[in-house]
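First comes the structure, then the notes that go with it.
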Amino acid sequence: PQKRQHPQSGRDAPWRAHMFKYFPAILCILLLALPARAEQVVTRYLSVDLPEGWKVVMPPTESQAYSTAIFSNLAGNATVGFVAGPNGGTDAKTIAEMFARQFNASRAPTERNGQSTFLFTQQGSVHQAWVAVAGDAFLLTTLSGDRKEGLAFVRKFVQSRDFPDLLPR
C-alpha cells in the first residue's frame with residue numbers, strides 16, 4: 001500500500017492526523033455558533049420555553065396540588081407570575097373576586113373572552129391579573145411593570161398542553 005502524501009508539503013507523514021488534531025477546536029467553534037436552546041420550565045399546568053432575555057425569579061413550586069412560578073425579563077421591568085391549581089368547581093369570576101380582595105384591587109374584576117381580569121397596586125406599581133378556568137383547573141396570571149411585554153412573553157413562550165384555555169387571551 002502506498003502512503004498518501006500531504007498535498008502541499010510532499011511529506012510522507014499522514015496528513016489526516018493533522019486534520020484530526022484540529023477537529024475538536026473546529027467542532028467547539030461550530031457548536032458555539034449554533035443558537036442556544038431555550039430552557040424549558042415545566043409545572044403541572046403549564047410549560048415555559050424561557051427565551052433569551054428572561055429569567056426564572058421563583059422556580060416552579062408544587063404544594064398541595066397548586067403550582068406557582070415567577071419570571072422576569074433581565075431588564076427587570078416586566079414580571080409575570082402564575083398560580084394554578086384545582087378550581088373545586090368554582091367559576092373564574094368567583095376565583096377572580098377572591099384574588100381581587102386578597103390583592104386589594106380598587107375595582108371588581110371584569111369579564112372578557114370568558115376570563116376575568118382586574119388591576120391592583122403593590123409597592124406603588126400597577127399589576128394586571130387574569131383568572132381563567134378550564135376543566136377542573138384555574139390559572140391566575142399576573143403581569144407587572146411593562147404589561148405589554150409581559151403579555152407578549154405569555155402569548156409566545158407559555159403553553160398549556162392540557163389546559164390551553166387557561167392562558168390570557
Side-chain angles (χ1 to χ4, degrees), residues 28 31-169:
C28 286
L31 288 174
L32 288 174
L34 293 174
R37 177 165 154 56
E39 174 186 354
Q40 189 170 55
V41 179
V42 179
T43 74
R44 181 181 299 165
Y45 297 94
L46 54 89
S47 63
V48 178
D49 292 323
L50 198 63
E52 188 174 321
W54 282 79
K55 65 181 178 179
V56 177
V57 175
M58 186 181 87
T61 58
E62 307 277 340
S63 177
Q64 299 177 352
Y66 294 93
S67 299
T68 59
I70 300 174
F71 303 88
S72 176
N73 65 1
L74 295 180
N77 63 354
T79 302
V80 178
F82 299 101
V83 177
N87 62 32
T90 307
D91 62 26
K93 182 180 178 189
T94 304
I95 295 171
E97 288 169 348
M98 179 197 69
F99 279 114
R101 280 191 304 276
Q102 182 178 342
F103 293 134
N104 295 317
S106 59
R107 293 188 181 150
T110 58
E111 288 187 68
R112 231 182 349 182
N113 299 323
Q115 299 181 342
S116 293
T117 185
F118 61 91
L119 298 175
F120 63 99
T121 303
Q122 281 186 344
Q123 299 175 350
S125 178
V126 176
H127 303 256
Q128 185 169 11
W130 272 272
V131 176
V133 170
D136 62 350
F138 82 89
L139 175 67
L140 167 72
T141 303
T142 60
L143 305 173
S144 63
D146 185 342
R147 295 189 315 257
K148 185 176 179 181
E149 184 174 347
L151 188 56
F153 167 79
V154 171
R155 289 183 173 154
K156 189 170 183 181
F157 300 106
V158 181
Q159 303 86 33
S160 179
R161 185 186 58 161
D162 296 328
F163 302 100
D165 291 338
L166 290 178
L167 298 172
R169 297 185 194 143

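Every heavy atom of this structure was used, including side-chain atoms; hydrogens, water molecules and symmetry mates were not.
- Without hydrogens or angle criteria, Thr117 side chain to Ala129 main chain gives a donor-acceptor distance under 3.5 Å.
- In this structure, CG on Leu139 lies 8.5 Å from CD on Gln115, to the nearest 0.5 angstrom.
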Apply side chain to side chain contact (heavy atoms under 4.5 Å, CB included) to the pair Ser47 and Gln40, showing each step before the final yes or no. CA-CA 7 Å; Ser47 63; Gln40 189 170 55; 4.1 Å; yes

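- Taking both residues in full, the closest heavy atoms of Gly135 and Asn87 are given as O-ND2, 3.1 Å, listed atom of the first, atom of the second, then distance.
- Atom-to-atom distance recorded for Leu74:CG and Glu52:CD is 8.5 Å, nearest 0.5 angstrom.
- Ring geometry for Phe153 against Phe71 counts as tilted: the plane angle lies between 30° and 60°, on a 0 to 90° scale.
- Side-chain contact between Leu143 and Trp130 is present, with heavy atoms from C-beta onward closer than 4.5 Å.
- With rounding to the nearest 0.5 Å, the separation of OG in Ser67 from CG in Leu46 is 7.5 Å.
- Minimum heavy-atom separation, Val133 to Asp91: CG2-C, 3.8 Å.
- Other residues, nucleotides and ligands contribute at most 12 non-hydrogen atoms within 6.0 Å of the CZ atom of Arg112.
- The backbone N or O of Arg169 lies less than 3.5 Å from a partner atom in the side chain of Arg155, making a donor-acceptor pair.
- For the pair Ser125 and Gly145, the tightest heavy-atom approach, listed with the atom from each and the gap, is OG-N, 4.2 Å.
- Leu140 has its side chain within reach of Phe103: a pair of non-hydrogen atoms, C-beta onward, lies under 4.5 Å apart.
- In this structure a side-chain-to-backbone donor-acceptor pair under 3.5 Å is present from Ser72 to Ala78.
- Here the shortest heavy-atom pairing between Val41 and Pro60 reads CG1-CG, 3.2 Å.
- Closest approach of Asn73 and Lys55 over heavy atoms only: O-CE, 4.5 Å.
- Contact of the Thr141 side chain with the Leu167 side chain is not registered, since no non-hydrogen atoms from C-beta on lie closer than 4.5 Å.
- Between the side chain of Gln122 and the backbone N or O of Asn104 there is no donor-acceptor pair closer than 3.5 Å.
- Between the CG atom of Leu50 and the CD atom of Glu39 there is a distance of 5.5 Å, given to the nearest 0.5 Å.
- For the pair Leu119/Arg147, a side-chain contact is recorded, criterion being any heavy-atom separation below 4.5 Å from C-beta on.
- Minimum heavy-atom separation, Ala105 to Phe118: CB-CD1, 3.8 Å.
- Residues Val48 and Trp54 are not in side-chain contact: their nearest non-hydrogen atoms beyond the backbone lie 4.5 Å or more apart.
- Of the inter-residue distances, the one linking His127 atom NE2 with Thr121 atom OG1 reads 7.0 Å to the nearest 0.5 angstrom.
- Scanning for side-chain contact (heavy atoms from CB on, under 4.5 Å) contacts around Phe163 gives Tyr45, Ala134, Asp136, Ala137, Ser160, Leu166, with sequence neighbours left out.
- Once rounded to the nearest 0.5 Å, the distance linking CG of Leu151 with NZ of Lys156 reads 13.5 Å.
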